[in-house]
Each structure stands twice: as C-alpha cells, then as structure tokens.
> 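Sharing a structure, written as structure tokens. Questions coming.
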Protein chains: 4
Amino acid sequence: MLLEIDHHSGVPIYRQVIEQVRRQIMAGQLSEGQQLDSVRELAGRLRVNPMTISKAYALLEVEGLAERRRGIGLFVARVQTSQKEQTKARLLEEILKKAAVTAVQFEMPEEEAARMLVDLYRKHDSKTRSYSNE
Amino acid sequence: MLLEIDHHSGVPIYRQVIEQVRRQIMAGQLSEGQQLDSVRELAGRLRVNPMTISKAYALLEVEGLAERRRGIGLFVARVQTSQKEQTKARLLEEILKKAAVTAVQFEMPEEEAARMLVDLYRKHDSKTRSYSNE
Amino acid sequence: MLLEIDHHSGVPIYRQVIEQVRRQIMAGQLSEGQQLDSVRELAGRLRVNPMTISKAYALLEVEGLAERRRGIGLFVARVQTSQKEQTKARLLEEILKKAAVTAVQFEMPEEEAARMLVDLYRKHDSKTRSYSNE
Amino acid sequence: MLLEIDHHSGVPIYRQVIEQVRRQIMAGQLSEGQQLDSVRELAGRLRVNPMTISKAYALLEVEGLAERRRGIGLFVARVQTSQKEQTKARLLEEILKKAAVTAVQFEMPEEEAARMLVDLYRKHDSKTRSYSNE
DNA sequence: GTGGTCTAGACCACA
DNA sequence: GTGGTCTAGACCACT
C-alpha cells in the first residue's frame, strides 16, 4: 500500500489517507477482499499518530469502502461496479473541469492544454508501468 | 471585483478570497495599480466579517501581490511579467498533472481525457465570453 | 521563552512577539526543532488575547521560521545556517549604520562613538551573563 | 531641505517627516530662524498628501521646535543649546544601545562591532562631506 | 491537549 | 473615507 503524506499541504492527514485509499480502491489497485495495512504498521511507516490512521479507517468503514473483521483487520469491501464507475467518472470530470477553467482563465489555447495533458499522461503512465514491472 | 465564496467547502473564507484575487491578478483581470474593493465594501457584499477580508488582504500583501497605501486603500502591486508567466505556467502544469494522474489511475484512455478536457474548455470559455459581453 | 511586551510603545503586540522570537531564533537561543510556548500559554502569560499570539505565530510560519504541526504545536523550523548568518550580518549592519549616521550627523567623534558602543556592549553583556547564571 | 520618505517602512509618513526635521534642527543643519519649505512645496516634492505635511508641521510647532509666523510660513525656533545637547546625547545613546544589544545577542565580539561602527562612520562621513562641497 | 477560523464590535491611525 | 489592531468568546479540526 503506497501512500504519500504531505505534511505541509494544509489538508488533514486523515483526509489524505482516506482520499488515497479510496482512489486505489476505485482504480482497482486495491481489490475487493484485500487486507489493508494494520493501523500500527501504516502509522509507523508514515510516521503519524496511530489515532490519525484509526480515524481514517473508521471513516472508510462508514463510507462502506472497507469492512472490519474483528480480531483480524480491515478489508476492502465489495463495491458495486456501476457505483464505482460513476464515482470514477465524477472524480475525473471534477479534476478535468478545474484544469479547463484554469486554462481558460490564463488564456492557454485549448490545443496547447490538450497537448500538455497528453504529455503528462504519457509521462506518468510510463513511470507507473515501469514500477509495476519491478 | 467578482468573488464567489463557498461557505460549505471547508476551505477557509480568507483563503478563498486570496486564491481568487491571486488568480485574477495572474490572469490580468486585475491589473497593476488597480485598487481593490475596500475591506468594508467587500465584507459587506460577501456578508462576512471585515476582519476576515482584512486577513486575506494582509496575506496578499505579504505575498507581494498587493500594496497597502495607508489611509487610501489596497492596490495591485507591480509583478514582474516573467514571474507572472512562471507562476501561471506552474499552476497550469500542477492542475493538468493532477488530471493526468487521475486519468491514468482510473484507466481512462488519453484521447478520451484530452477530448473531455477540450469539451469542458469550450463550455467554460463560451460561458465566460457571454458574461463579458453583458 | 522570555518575551517582554511594551504596551505603550505603539508597536503592535504581534509585531513585538515576532521580532523577539525571530531574534532568539537567529541568535540560537531558540534552537531548531524546539517547541514554542503554546498560543494559550503565551497569551495567558503576557496577558493578551490568544488571537494576537496566533497572528504572530502564523506570520512566523509564513516567514519560514516556524512550522506548525497540527494538533501538536509550533516548532522552530530548520533554517540554513548560511542564511541565518546572512540575516544576522544584515541586521547588525543595519543597526550599526543607523548609529554611525546619527553620530556623524550630531558630530560625535568616531573614537567617542566607538568607546560608547563598547561601554554599552560590556554593560549589556555582563547583565546577560548574570541572568544565564541564575 | 532634504527628506527621504520610505513608503514601505510601516512608519507613518508624518512621523518620518517630524523625525528627520527634528534631527536636522538638532544637528544644526537647519538653523534657528531658518524658514522651512512650505507645506505645498514639500508635499509636492515628496508626493504625499499636503494634510500629512501639515500635520507634521503642527506637531513640530507643539513640540516647540518650529514657530509659525502668520501669512509667512514656518520657521525653526530658538532652542536652548543645553537642551539640544541633551537631546542629541539621548538619541545617540539610544541607538548605540540598540546596536550593542544586537551585537551581544548575535555574539559579535566587541572589537569587531566597534571596528564595523568606525568603518561605517567614515564611509558616511566622507559621503556627507563630498555632498556639502557641491 | 494543540492551533485555526470566524464573529461582533470597539478604538486607533492615516490621508 | 481607508486599513490596523485588539478583545472576548464561540466553535471546529487535528493528534
């Protein structure tokens, strides 16, 4: 489970954890039934207070994305594929819209914005693939 | 000076003000030397406490984007064009990168992401232009 | 953390706090990573409103001299030694220059100015040392 | 009458005016009976609001350093030599003390502080003399 | 426990 | 008229 915490972003740590776990579940990088890192392990690795992780996990459970199995740990819950697709589409549209609005406001031509997006896409894609080959 | 405050976003009001004024300065919608709305006027219009606006303005001054002239008001500061362009480019790249990463993670093909971006661009662009024609 | 506030100087309290904390950090009396007094504690001790202290701390953070760790407290940030030395040298030169200009303008001979400076230096130095021996 | 206003120092303009005129009177650069620049002229030259200069002049009059002759203008008042010397000594001690305290706090050796003071003294002195020869 | 944000309202200083 | 400062007190979020 790869998580990156930015201590200086102003975004609460527990939210960063939720956000990233949620994304990975949506993207299928964390699949149904898979066990999440234990609170202690994750807290130790990220060097944050265990209570913070515990809070994030509790909220993921409330959200229905994770299930607690007593005495064992937390597992990725079953999510309707349709709902998953819907959420993914919503998140994508949100972020693309922000990008579009910024480009319009700063007067970057649409072709240039699209080109830049594709460039960044390819750069990130190849990096990701090389990781998954390791 | 058009500002929109979302009281339910969780983002502090003063930060929303800073963010939007900063963007408008960068985009040239607020030009060098132009006077900003007075603290009291803006506070009245947005229905927030004057101190909240004052805090936002103070931080814009610290950031070097605005200059206070005592007893007169707050004015858009002189910003090096090169620095402005640099900041704009950085902001654009940041947001486009987030979009690209999301698209990769959710396995949306690059062409589709680019097409969606252009769609949203045009939609927002035409909306903006119709405003400025009013 | 020893701070002295002069309520009658006309200098805003939050600025006096910033100024003194900044100096102590520069002088190494507050060292990297050290925790500052909590907002409430300092406010109580100095008998001022917590918001006033909070404002000072927020600006120290903007200045890069302090780091907030949410829910924990404020800590002295890591400052490059070279930058620290530079700042100290600048501050010293500024104040010495003001003194020199005044002496020239009031036609006090250079030897007398230097002698007076050394006298005052020793007086203050011995006072400081006796404090630290308590 | 040479005055320099720093619009970014945070010190009120009228105080900067008072401060500098007072110093020049103390130093004898403005001598008893000499006429001060008119409010309009000085305001025009410094590019500040005439009311600001007017306020400064009024306070100099209250302080007894200047005398208003109706219909003519403002003149440097007669000041007891003893009082003048006293004020000069006080101002000098104040500024030298600040320098000494800073040097002690930043651990600059007294000899180095004294040497630096003398250097700055000579530099400023020679600059001043060359001006007065023009 | 920590700091952050906001309000309502007062008073000051500046131009 | 402008912005700056401070207070008292409430409520929130984070650890």
Side-chain angles (χ1 to χ4, degrees), chain A residues 5 7 10-17 39 43 46-56 59, chain B residues 5 7 9-17 35-43 46-61 66-75, chain C residues 5 7 9-17 35-43 46-61 66-75, chain D residues 5 7 10-17 39 43 46-56 59:
Chain A
I5 299 302
H7 287 271
V11 181
I13 296 170
Y14 80 94
R15 273 184 203 272
Q16 294 186 39
V17 172
V39 167
L46 300 180
R47 305 225 186 143
V48 300
N49 193 310
M51 296 259 305
T52 307
I53 303 301
S54 189
K55 181 172 180 177
L59 288 168
Chain B
I5 299 302
H7 287 270
S9 69
V11 180
I13 296 171
Y14 80 92
R15 273 184 199 274
Q16 295 185 41
V17 172
Q35 185 166 6
L36 297 180
D37 290 352
S38 82
V39 169
R40 288 167 173 83
E41 187 193 333
L42 188 55
L46 300 180
R47 308 251 184 116
V48 300
N49 190 293
M51 249 202 114
T52 305
I53 303 300
S54 187
K55 183 174 180 177
Y57 278 8
L59 288 169
L60 280 167
E61 205 207 1
E67 268 182 8
R68 276 180 286 200
R69 297 190 198 153
R70 287 197 310 256
I72 308 182
L74 198 77
F75 297 79
Chain C
I5 299 302
H7 288 270
S9 70
V11 179
I13 296 170
Y14 80 92
R15 274 185 199 272
Q16 295 185 40
V17 173
Q35 184 166 6
L36 298 179
D37 289 353
S38 83
V39 169
R40 288 166 172 84
E41 186 193 333
L42 188 56
L46 300 180
R47 308 252 183 116
V48 300
N49 190 293
M51 250 201 113
T52 305
I53 303 301
S54 187
K55 183 173 180 177
Y57 278 8
L59 289 169
L60 281 167
E61 205 206 2
E67 268 182 7
R68 276 179 287 201
R69 298 190 198 154
R70 288 196 310 257
I72 309 182
L74 197 78
F75 296 78
Chain D
I5 300 300
H7 287 270
V11 181
I13 296 169
Y14 81 94
R15 273 184 202 273
Q16 293 186 41
V17 172
V39 168
L46 300 180
R47 305 226 186 144
V48 300
N49 194 310
M51 294 258 304
T52 307
I53 303 300
S54 190
K55 181 172 180 177
L59 288 168

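Every chain is numbered from 1 and lettered A, B, ... according to where its sequence line falls, protein lines coming before strand lines. Only a predicted model underlies this, so the values are computations on that prediction, with no experimental measurement involved.
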> Does a side-chain heavy-atom distance below 4.5 Å link B:V48 with B:L42?
no
> Given pairs defined as Watson-Crick or G-U wobble with both distances under 3.5 Å, what dot-bracket annotation applies to DNA chain E, with ( ) intrastrand, [ ] crossing, | other strand and . unpaired?
||||||||||||||.
> Taking the side chain as C-beta and beyond, is there a heavy-atom pair between A:L46 and A:I53 under 4.5 Å?
yes
> Which heavy atom of A:A43 sits nearest a heavy atom of A:P50, and at what distance?
CB-CA, 3.6 Å
> Short question: side chain of C:R69, backbone of A:H7 - any donor-acceptor pair under 3.5 Å?
no
> Distance check, rounded to the nearest 0.5 Å: C:M51 atom CE versus C:K55 atom NZ?
8.0 Å
> Round to a whole Å and report the spacing from CD of C:E67 to P of E:dG3.
15 Å
> Run the salt bridge (charged side-chain N to carboxylate O under 4.0 Å, His left out) test against C:E61 and tell me which residues pass, sequence neighbours left out.
C:R68
> Which protein N or O atoms sit under 3.5 Å from an N or O of nucleotides 5-9 of chain F?
{"unit_1": "F:dT5", "atom_1": "OP1", "unit_2": "C:Y14", "atom_2": "OH", "d": "2.8"}
{"unit_1": "F:dT5", "atom_1": "OP2", "unit_2": "C:Y14", "atom_2": "OH", "d": "3.1"}
{"unit_1": "F:dT5", "atom_1": "OP2", "unit_2": "C:K55", "atom_2": "NZ", "d": "3.4"}
{"unit_1": "F:dC6", "atom_1": "OP1", "unit_2": "C:I13", "atom_2": "N", "d": "2.4"}
{"unit_1": "F:dT7", "atom_1": "OP2", "unit_2": "C:N49", "atom_2": "N", "d": "2.9"}
{"unit_1": "F:dT7", "atom_1": "OP2", "unit_2": "C:T52", "atom_2": "OG1", "d": "2.8"}
{"unit_1": "F:dA8", "atom_1": "N7", "unit_2": "C:N49", "atom_2": "ND2", "d": "2.6"}

> Are B:R70 and F:dG3 close enough that a side-chain N or O sits under 4.0 Å from OP1 or OP2?
no
> Between C:G71 and B:G71, which residue's closest nucleotide on DNA chain F lies nearer the 5′ terminus?
B:G71
> Can you tell me how far apart CD1 (B:I72) and CD (B:Q35) are? Round to the nearest 0.5 Å.
8.0 Å
> Please give, in whole Å, the distance from E:dG3 P to C:D37 CG?
10 Å
> Without decimals, in angstroms, what is the distance between C:E41 CD and E:dG1 C1'?
12 Å
> Students often get this wrong, so: under 4.0 angstrom with heavy atoms, is B:R69 touching a base, only sugar-phosphate, or nothing?
nothing
> How long is the gap from CG on B:L60 to CG on B:L36, to the nearest 0.5 Å?
7.5 Å
> Is there, by distance only and without an angle test, a donor paired with an acceptor across the side chain of B:R40 and the base of F:dG3 below 3.5 Å?
yes
